[in-house]
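Any value given below was found using the heavy atoms of this structure, including those in side chains, with hydrogens, waters and symmetry copies removed. Every chain is numbered from 1 and lettered A, B, ... according to where its sequence line falls, protein lines coming before strand lines.
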Number of protein chains: 2
Amino acid sequence: MNTMKALSEETIKKIEKVVGKDGYSTRTADRYAYGFDASIFQSSPDIVIQPKSTEQVSGIMKIANAEKIPVVARGAGTGLCGSAVPIKGGIVLDMSRMDKVKEISVGDTWCIVEAGCVYNDINAALSKYGFQFPCAPGSAEAATIGGMVALNASGMKAVKYGATRDFILGLTFVKADGEIVHAGTKTIKDSSGYQLARLLVGSEGTLGIITEIVLKMATKPKAAASVLAAFKSAEDAGKCVSAIVAKPLVPAACELMDRVSIEAVNIALKNPLPDCQALCIIEVDGEPEVVDRDLKTVEEIATSVGALTVTATKDKAMIAKWANARSSVMVALSSLKPGHSSVSLADDMIVPVSKIPDAVVAYQRIAKKYNVVVATYGHAADGNLHTKMLLNPLSADDWIRGEKAVNEIFDVTVALGGSVTGEHGIGISKAPDFQKERATAMTTIKAIKNAMDPNNILNPGKMEQWEGSILKNLRYPCPEFMTQS
Amino acid sequence: MNTMKALSEETIKKIEKVVGKDGYSTRTADRYAYGFDASIFQSSPDIVIQPKSTEQVSGIMKIANAEKIPVVARGAGTGLCGSAVPIKGGIVLDMSRMDKVKEISVGDTWCIVEAGCVYNDINAALSKYGFQFPCAPGSAEAATIGGMVALNASGMKAVKYGATRDFILGLTFVKADGEIVHAGTKTIKDSSGYQLARLLVGSEGTLGIITEIVLKMATKPKAAASVLAAFKSAEDAGKCVSAIVAKPLVPAACELMDRVSIEAVNIALKNPLPDCQALCIIEVDGEPEVVDRDLKTVEEIATSVGALTVTATKDKAMIAKWANARSSVMVALSSLKPGHSSVSLADDMIVPVSKIPDAVVAYQRIAKKYNVVVATYGHAADGNLHTKMLLNPLSADDWIRGEKAVNEIFDVTVALGGSVTGEHGIGISKAPDFQKERATAMTTIKAIKNAMDPNNILNPGKMEQWEGSILKNLRYPCPEFMTQS
């Protein structure tokens with residue numbers, strides 16, 4: 001395992017030759033800032049490099065590989081699992097300068113974007129041609145496409161439109177040794193050997209540095225509507241979701257919120273939501289007549305499974321208000337309990353949709369057992385539930401109870417046929433349970449990693465390589481757990 | 001490279017222990033029959049094994065790996081590139097006994113099928129729940145899902161619904177050493193590390209033996225309609241396709257046929273098609289009102305780009321008649337020229353849709369240059385063109401001219417930003433040009449192959465391993481080219 005000593009003057013000179021004087025920084029302030037992402041972890045790199053081209057990335061990788069320097073690629077740092085935290089020091093490759101939409105080929109229904117391109121910027125560019133890239137991550141205004149590919153990110157719209165993996169036609173990536181690989185095609189499909197481009201999806205910077213992506217474009221819907229249904233229990237809300245999916249009806253979004261989430265949002269945003277035990281916000285989109293019909297169907301289903309109230313709207317402002325209320329859960333939670341923060345531990349489980357009611361009940365039982373406040377909400381129609389935990393981040397006892405609860409939540413999830421992560425990735429916080437969940441694939445994963453990165457310089461120490469408890473490298477001043485991994 | 005001697009009595013006894021007396025055959029007749037697929041190649045295995053379970057496949061792989069016996073997995077043998085032809089002898093694993101739809105989970109919108117399950121059987125099972133698996137390969141009544149995954153197969157409906165890769169949530173495969181791996185999930189999305197399941201897509205049996213697949217189900221459309229537009233040139237037909245895609249309008253299918261294809265079908269099926277230089281058959285499906293609107297739009301576009309005649313229908317029989325006329329091209333062609341057969345050489349190019357007109361013109365120019373009859377037709381809205389060549393398979397000169405034409409067709413395709421195969425795969429017939437097209441990925445492909453199959457027993461000698469001309473192992477009695485590879 002590589003753990004960096006500070007870089008030599010000579011190495012820094014070589015790096016400067018590749019990216020120029022303004023292309024890197026070793027200033028303490030920058031190294032500190034790039035030691036964080038949106039996760040609970042922190043660890044500073046030795047140098048921050050901001051490449052402007054695939055060729056510059058290749059030049060950097062040749063240096064890093066020759067000197068066995070760890071390299072962690074970084075988009076916007078909005079990841080919640082620590083994938084972009086350089087726990088072994090070394091280089092952070094900040095891709096944010098490679099932020100161009102290089103080509104939009106309307107007649108071919110694809111576009112070519114650089115890895116540092118921001119999600120909302122891509123959609124702003126596609127929108128005028130009647131197209132969209134609809135994965136809709138919660139961090140849409142900041143998240144970069146490179147990071148989205150590395151984590152197979154998605155969001156509220158994945159149930160209808162798919163996750164990032166479903167839009168990747170091709171990509172350019174730089175291998176550990178600096179070789180530039182063009183994977184996939186500029187066509188809507190191909191049978192030209194291994195789907196290499198899709199292997200890189202979810203690889204979190206451990207197989208190569210993604211620099212450019214060929215994205216399939218989806219057509220923009222002409223109309224949209226939304227239904228808000230309130231329930232007497234999270235279980236009933238879960239039944240509503242299952243009934244919609246089994247109809248079959250594919251909503252554009254279908255969000256579930258439990259008691260804790262609703263309460264937090266109503267406190268933070270002055271009661272945008274009905275006061276109830278659980279609710280679903282179901283959005284439908286498409287051609288106008290179809291939206292009208294689906295809206296009715298959703299209302300009927302919600303009523304039939306015992307909704308207390310069912311409110312439907314086609315008013316854009318109202319649709320946005322509800323969506324915004326849902327999006328605010330994560331931030332709002334911290335306002336629930338003074339001195340407590342909502343932390344990303346077991347924050348992204350996914351189960352078969354029919355198991356949503358069981359999962360919600362189990363998570364609530366586990367929260368009670370370990371005396372932790374857990375908010376359960378998420379993209380229920382694709383089975384993706386987020387459980388944010390409220391902890392006092394200065395209390396070792398809170399962390400220990402939290403970790404126990406997490407492990408039990410993960411075990412239940414996998415027992416229900418699910419996975420520990422639906423859209424946030426593995427990084428550090430899911431690593432131990434990822435290794436359990438993917439036990440049969442571990443030798444294959446390690447063989448592929450070793451074949452593509454024999455010196456183990458690409459984001460080392462995470463995912464299949466992580467060892468022991470996740471309570472290391474914590475960003476919070478809780479001395480017990482600030483030890484380096 | 002492994003090239004088999006006959007199997008020892010002792011080895012055959014070990015195999016019998018795993019699959020039983022009725023689970024294998026070394027009879028000459030069986031070995032001969034399993035030496036073919038739908039391609040132009042032939043080479044007999046030493047033994048044909050018909051496993052009934054993943055565990056049996058694992059048992060066989062342990063024996064094969066220990067004794068370095070080549071293993072070629074086979075579905076229905078409908079492949080057109082030689083992927084299932086055992087050019088190094090050894091074992092053919094006939095997966096046709098693993099043909100069950102094991103589970104259909106309506107509430108979770110996925111089903112679990114065994115690798116030997118036939119495409120049409122899957123859809124028959126899904127249909128009663130309002131779902132479909134819509135990839136629609138030309139060989140729908142025979143093609144198995146295992147083969148479809150191995151080749152990322154698709155067909156007429158891929159333009160709207162996607163190729164096989166887009167429906168793979170998870171799969172079970174057996175590695176060269178017999179280890180059983182469960183990749184992917186039983187959920188609609190996941191961010192749980194490398195998308196291993198999708199790496200196996202397109203691997204053509206060279207990375208592992210796929211035994212079970214978790215398939216995402218699509219909802220069935222409520223209505224459908226079709227437009228047949230006749231044109232004065234293939235170029236105009238290509239322009240029609242580009243205009244539809246750029247609208248943007250996503251048809252359910254959009255087939256293009258050139259002069260040669262139309263003529264062949266009209267001779268074979270007694271004139272189901274208008275007598276013209278080129279035509280498009282454009283199908284739309286979905287909700288009734290949307291189908292009506294899209295139908296009008298397609299008619300307007302066809303007229304605006306100069307169609308000679310435009311006929312629209314919602315009559316199921318007529319829609320089926322047109323689709324059947326298109327599906328018959330490959331067979332019909334052989335009736336065009338006595339003593340000539342339509343052979344699968346450059347049979348599956350794909351280009352960015354906007355390049356369809358250029359591609360069609362270039363293919364016709366090349367056919368003329370080498371004095372070969374080439375029919376051009378295919379799934380034009382996703383850029384996938386099939387050029388079948390009419391050759392006298394007993395004439396060495398015909399094969400040589402054919403191969404020259406093929407190489408030039410492939411070079412033009414790649415120069416237009418396309419790929420040598422959109423849905424049929426690499427196998428043998430695309431191998432040399434695949435190696436050119438994927439030059440930057442070859443070291444990565446070889447590293448992954450070596451990491452997963454160090455003894456090189458999984459479908460050896462094809463794809464990245466193929467050497468020299470493809471005119472070897474030919475099934476036709478043309479002595480010059482019956483030499484073994």
Side-chain angles (χ1 to χ4, degrees), chain A residues 106-109 130 151-152 154 158 163 165-166 180-183 185-196 198-199 201-203 219 242 245-246 248 250 287 289-290 350 352-354 382-383 417-426 434 437-438 440-441 444-445 447-448 451-452 463, chain B residues 106-109 130 151-152 154 158 163 165-166 180-183 185-196 198-199 201-203 219 242 245-246 248 250 287 289-290 350 352-354 382-383 417-426 434 437-438 440-441 444-445 447-448 451-452 463:
Chain A
V106 172
D108 300 320
T109 64
L151 297 168
N152 191 28
S154 58
R165 69 180 177 194
D166 300 305
I180 297 169
V181 179
H182 301 290
T185 61
K186 288 181 184 174
T187 55
I188 292 308
K189 64 183 189 185
D190 80 276
S191 293
S192 189
Y194 311 164
Q195 295 287 310
L196 255 196
R198 299 200 177 191
L199 172 66
V201 174
S203 62
T219 52
S242 302
V245 171
V250 183
E287 297 291 314
E289 313 87 339
V290 182
I350 185 158
V353 183
S354 61
D382 55 28
S419 167
V420 299
T421 172
E423 59 182 25
H424 295 172
I426 305 297
F434 162 70
E437 176 192 328
R438 299 293 165 137
T440 66
T444 308
I445 289 167
I448 291 172
M452 290 183 70
M463 298 175 81
Chain B
V106 173
D108 300 319
T109 65
L151 296 168
N152 191 28
S154 57
R165 68 182 178 193
D166 301 305
I180 296 169
V181 178
H182 301 290
T185 62
K186 289 180 184 175
T187 55
I188 293 307
K189 64 184 188 184
D190 80 277
S191 293
S192 190
Y194 310 163
Q195 296 287 309
L196 255 196
R198 299 199 177 192
L199 173 66
V201 175
S203 62
T219 51
S242 302
V245 171
V250 184
E287 298 291 313
E289 314 85 340
V290 182
I350 186 160
V353 183
S354 61
D382 55 29
S419 167
V420 298
T421 171
E423 59 183 24
H424 295 174
I426 305 298
F434 162 69
E437 175 191 330
R438 298 294 165 137
T440 66
T444 308
I445 289 167
I448 291 172
M452 291 183 69
M463 298 176 83

With a 4.5 angstrom heavy-atom cut-off, which part of [X] approaches chain B: side chain, backbone, both or neither?
X      : answer
A:L151 : backbone
A:A163 : side chain
A:R198 : both
A:V290 : side chain
A:V201 : both

Between the side chains of A:D190 and B:S419, is a donor N or O closer than 3.5 angstrom to an acceptor N or O?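 There is no such pair (donor and acceptor under 3.5 Å, judged by atom type) between the side chains of A:D190 and B:S419.
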
If I measure from the heavy atoms of chain A, does B:I180 come under 4.5 Å with its side chain, its backbone, both, or neither? backbone

Report the option among B:A451, B:S154, B:G418, B:S354 that has the most heavy-atom pairs separated by less than 4.5 Å from atoms of chain A.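 Top option by heavy-atom pairs under 4.5 Å: B:S354.
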
Sort out for me which of B:G422, B:A158, B:A447 touches chain A most, counting heavy-atom pairs under 4.5 Å.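 That would be B:G422.
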
I'd like to know if the side chain of [X] and the backbone of [Y] have a donor-acceptor N/O pair within less than 3.5 Å.
X      : Y      : result
A:T440 : B:H182 : yes
B:S191 : A:N152 : yes
B:D382 : A:I188 : no

So which of [options] has the biggest tally of heavy-atom pairs under 4.5 Å with chain B?
options                        : value
A:G425, A:S192, A:P248         : A:S192
A:T444, A:V420, A:T185, A:V245 : A:T444
A:P352, A:A246, A:A183         : A:P352
A:H424, A:E287, A:M452, A:M463 : A:E287
A:A441, A:G383, A:G417, A:G193 : A:G193

With heavy-atom distances below 4.5 Å as the criterion, would you say the side chains of [X] and [Y] are in contact?
X      : Y      : result
B:V250 : A:T109 : no
B:V353 : A:T187 : no
B:K189 : A:E423 : yes

In Å and rounded to the nearest 0.5 Å, what is the CG to CD1 distance from A:L199 to B:I448? 5.0 Å

Is any NZ, NE, NH1 or NH2 atom of the basic residue among B:R165 and A:D166 found under 4.0 Å from an Asp or Glu carboxylate oxygen of the other?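 Salt bridge absent between B:R165 and A:D166.
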
